[in-house]
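Below you'll find the structure, written out as structure tokens, and then a few comments.
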Amino acid sequence: MLAMLSESTILIVAIVLVVLFGGSQLPKLARNVGTAGKEFRKAQADAEAEHARAAVVTPPAVPASTDDDRITLSRAELDALLAEREGRAKGTAGTD
């Protein structure tokens, strides 16, 4: 990135930094920028490692259903069951 900047541009940026922050604050500012960059790279590496671990994890196996697990209802039985549940819901909704 610095290779794209000319010498005059770098000199102007350095002068602006000295004027804004003062000569004594520049080493502290540079140290803080370096520390922030290091923490950012560490967080990025941690996130990539977490993503890689999550990609490796296989989903849990779904047990195969058996005929005993299935319940079949006729249309009339299903309608009656739904009507009963709606009636219970309406009955308990008024008591709150």
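At least one donor-acceptor pair under 3.5 Å links the side chain of Glu77 to the backbone N or O of Ser74.
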Kindly determine whether Glu50 and Arg53 satisfy salt bridge (Lys or Arg N to Asp or Glu O under 4.0 Å), including the steps that lead there.
CA-CA 5 Å; Glu50 180 67 28; Arg53 278 195 302 269; 2.6 Å; yes
Working note: Glu86 + Lys90, criterion salt bridge (Lys or Arg N to Asp or Glu O under 4.0 Å); need CA distance, chi angles, decisive distance, verdict.
CA-CA 6 Å; Glu86 287 176 5; Lys90 287 179 183 176; 5.2 Å; no
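Between the CD atom of Glu7 and the CG atom of Leu11 there is a distance of 9.0 Å, given to the nearest 0.5 Å. For the atom pair Ser6 OG and Ile12 CD1, the distance stands at 7.5 Å (nearest 0.5 Å). In this structure, Leu73 CG and Asp79 CG are separated by 10.0 Å, a value rounded to the nearest 0.5 Å. Rounding to the nearest 0.5 angstrom, the gap separating the CD1 atom in Ile15 from the CG atom in Leu20 is 12.0 Å.
In the hydrophobic cluster analysis, where Ile, Leu, Val, Met, Phe, Trp and Tyr join through side-chain heavy atoms closer than 4.5 angstrom, Phe40 is grouped apart from Val33. Neither Val19 nor Leu17 shares a network with the other; the hydrophobic side chains, linked directly or stepwise wherever heavy atoms of I, L, V, M, F, W or Y lie under 4.5 Å apart, form separate groups for each. Val16 and Val13 fall within the same hydrophobic cluster, defined by Ile, Leu, Val, Met, Phe, Trp and Tyr side-chain heavy atoms under 4.5 Å apart, directly or through other members.
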